[in-house]
Participant: 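Sharing a structure here in structure tokens format.
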Protein chains: 2
Amino acid sequence: MTQLPSFLDEPDDTRGAIMKATYDALCEHGYSDLTIQRIGNEFPKSKSLLYHHYDSKDDLLLDFLEFMLAELEGQMPAYRDGSADEHIADIVDRTFAFGSTEKNPHFTQALLELRTQAAHDEAYREYFTRSDRFVRKHVAHTIQSGIEQGVFQEVDPQETAALFQIVFVGTMTQRVTSDDDDVLRAGRAMFDQCLRARLLRPE
Amino acid sequence: MTQLPSFLDEPDDTRGAIMKATYDALCEHGYSDLTIQRIGNEFPKSKSLLYHHYDSKDDLLLDFLEFMLAELEGQMPAYRDGSADEHIADIVDRTFAFGSTEKNPHFTQALLELRTQAAHDEAYREYFTRSDRFVRKHVAHTIQSGIEQGVFQEVDPQETAALFQIVFVGTMTQRVTSDDDDVLRAGRAMFDQCLRARLLRPE
DNA sequence: GGGAGTTAATTGAATATTCAGTCAGTAGAT
DNA sequence: ATCTACTGACTGAATATTCAATTAACTCCC
């Protein structure tokens, strides 16, 4: 089968095991066909045990969302030194690689499924709004550094980070919901050119 | 309540009424909680009638997807004359306005919900892959015109259209799944600048 | 150390509800 | 009389949730 994301490998505690089971079931069946039964099937212990740890299916899924977002935020690189343009290049790399690398591509899929629930679920929306803001702040900060370092032109860091965000969720949605994998390659090529034209300071 | 998209206003035929009912139920409950019962509730006639017109829930939903994609493609402007840069400006306008205008913003929401199903459903994925390709071809063609007209720099039309596609699905996903409506405004500002820097021919 | 008492983990079976899909039959048009 | 649109009642399967009962672990007193 596919390689599991490391954060779900060999969970020792019960919560970890439940998260892994939920993850597996979600990847296999999708959110709309996700049942307690199916989570239970991926779970070494019994299905009833899930109710010992969570009040309801909803409760469990909300905890799972928190778990996934924490993981996503944890994946963010901490740049301590080096030039900002390399950091941005790295961010672009990660953006377009997201979901296509050695790690289980199902992670992206699961994340999009959860995200789409935000359309109808207040709680989900709040989670994602918060998480997005966190990521954007990080990107904006990197851009700000680049401007101060003199490698970037004087763009608005907030606005630039916002575009990064849009492109990020765009690639994520596109990758998961389309067979046409050339779109990402081509889109990235143009995005790179755009950034070079507007963001990078010509030397 | 919210304004209905015109294409669903006062359907006279049965199919139209079923599409509207499905649309309403989808918007209200989301794909994962979409049941035949709930479609039936939004439907003036009885729930059993749905089975008179469709073999199964799946069958109905697939027809609904076709219906929505036809509507989406139908919304695309046909540019007969005028300069390509105005057309592109219009496309950008529509991209970022998508889901925020007088028409029911739920249209976007419904579309994203359907789109997300493509993660697990082959048939859905094929539909969207085809629809995306259709839209991209249109955008690429407009860009090609612009290059020939001499208003655009010599970019690769395919790649540029691909970036448009990513930004389009990105705004769509972002709008529906986040409370932070400033992201779209800010992202657009930067996207405009990028296009000006890379696409538009300086005069 | 060892039993008595308390709590947490765990299970399989049961319950109540929801869901997709069926069917026998009505009403109206041709 | 036949066909088509249409209906309400019905069903079996699936689903979330509960529960009574069992086991494992931990604690407090002797």
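Chain identifiers are assigned alphabetically (A, B, ...) following the order of the sequence lines, protein sequences preceding nucleic acid strands; residue numbering begins at 1 within each chain. Note that the coordinates shown come from a computational prediction; the quantities given were computed from them, not determined experimentally.
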Participant: By side chain to side chain donor-acceptor pair (under 3.5 Å), which residues pair with B:Asp192, not counting sequence neighbours?
Facilitator: B:Arg188

Participant: D:dG8 P sits how many Å from B:Leu50 CG, rounded?
Facilitator: 13 Å

Participant: Among residues 113-124 of chain A, which ones have heavy-atom contacts with DNA chain D below 4.0 Å?
Facilitator: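 Close to the strand, none.
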
Participant: Sequence neighbours left out, what pairs pass ring-ring contact (aromatic ring centres under 6.0 Å, His included) with at least one residue falling in residues 151-180 of chain A?
Facilitator: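 ring-ring contact (aromatic ring centres under 6.0 Å, His included) check on residues 151-180 of chain A returns A:Phe98-A:Phe168, A:Phe164-A:Phe191.
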
Participant: Any sub-3.5 Å donor-acceptor pair from B:Arg136's side-chain atoms to B:Gln165's backbone N or O?
Facilitator: no

Participant: Nucleotide by nucleotide, 5' to 3', does protein get under 4.0 Å of the base (B), only the sugar-phosphate (S), or neither (-) in nucleotides 18-26 of chain C, counting heavy atoms?
Facilitator: -SSBBB---

Participant: Counting only N and O atoms by type, is there a donor-acceptor contact under 3.5 Å from the side chain of A:His87 to the main-chain atoms of A:Asp81?
Facilitator: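 Yes; judged by distance alone, with no hydrogens or angles, the pair exists.
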
Participant: Just wondering, more than 12 heavy atoms not from A:Glu154 lying within 6.0 Å of its CD?
Facilitator: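 No, not enclosed.
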
Participant: Can you give me the N/O atom pairs linking the protein to nucleotides 20-26 of chain D at distances under 3.5 Å, or say none if there are none?
Facilitator:
none

Participant: Holding to salt bridge (charged side-chain N to carboxylate O under 4.0 Å, His left out), I want the full list of residues that pass it with B:Asp58, two or more places apart in sequence or in another chain.
Facilitator: none

Participant: Has B:Tyr23 got a side-chain atom pairing as donor or acceptor with B:Phe107's backbone, closer than 3.5 angstrom?
Facilitator: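 Yes.
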
Participant: Applying side chain to side chain donor-acceptor pair (under 3.5 Å), which residue pairs with at least one partner in residues 115-129 of chain B are found, sequence neighbours left out?
Facilitator: A:Ser32-B:Gln117, A:Gln109-B:His120, A:Glu113-B:His120, A:Thr116-B:Thr116, A:Gln174-B:Arg115, A:Thr177-B:Arg115, A:Asp179-B:Arg125, B:Tyr31-B:Tyr124, B:Glu66-B:Tyr127, B:Arg115-B:Asp132

Participant: What is the separation between atom CD1 on A:Ile39 and atom P on D:dA16, rounded to the nearest whole Å?
Facilitator: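 The distance from CD1 of A:Ile39 to P of D:dA16 comes to 8 Å, rounded to the nearest Å.
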
Participant: Taking A:His106 for its side chain and A:Asp24 for its backbone only, find out whether a donor-acceptor pair lies under 3.5 Å.
Facilitator: no

Participant: Check salt bridge (charged side-chain N to carboxylate O under 4.0 Å, His left out) between B:Arg94 and all other residues, then give those that pass, not counting sequence neighbours.
Facilitator: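 So B:Arg94 forms a salt bridge (charged side-chain N to carboxylate O under 4.0 Å, His left out) with B:Asp90.
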
Participant: A:Val169 versus B:Met172: any side-chain heavy-atom pair under 4.5 Å?
Facilitator: no

Participant: Got a donor-acceptor contact below 3.5 angstrom from the B:His141 side chain to the B:Pro157 backbone?
Facilitator: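 Such a contact is absent between B:His141 side chain and B:Pro157 backbone.
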
Participant: Given axes from five pairs at either end, by how many degrees does the helix from C:dG1-D:dC30 to C:dT30-D:dA1 bend, rounded to 10°?
Facilitator: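 Terminal axis comparison yields 0°.
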
Participant: What pairs with B:Glu159 under side chain to side chain contact (heavy atoms under 4.5 Å, CB included), at least two apart in sequence or on another chain?
Facilitator: A:Arg185, A:Ala186, A:Ala189, A:Met190, A:Gln193, B:Asp156

Participant: Please report the interatomic distance OG1(B:Thr22) to CG(B:Leu114), rounded to the nearest 0.5 Å.
Facilitator: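 That separation rounds to 10.0 Å.
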
Participant: Grab the N/O contacts between the protein and nucleotides 3-5 of chain D below 3.5 Å, and write none if there aren't any.
Facilitator:
from: D:dA5; atom 1: OP2; to: B:His52; atom 2: NE2; distance (Å): 3.0

Participant: Just the rounded figure in Å: distance from C1' of C:dA9 to CZ of A:Phe43.
Facilitator: 10 Å

Participant: With sequence neighbours excluded, tell me which residues meet side chain to side chain donor-acceptor pair (under 3.5 Å) with B:Asp85.
Facilitator: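 B:Asp85 satisfies side chain to side chain donor-acceptor pair (under 3.5 Å) with B:Ser83 only.
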
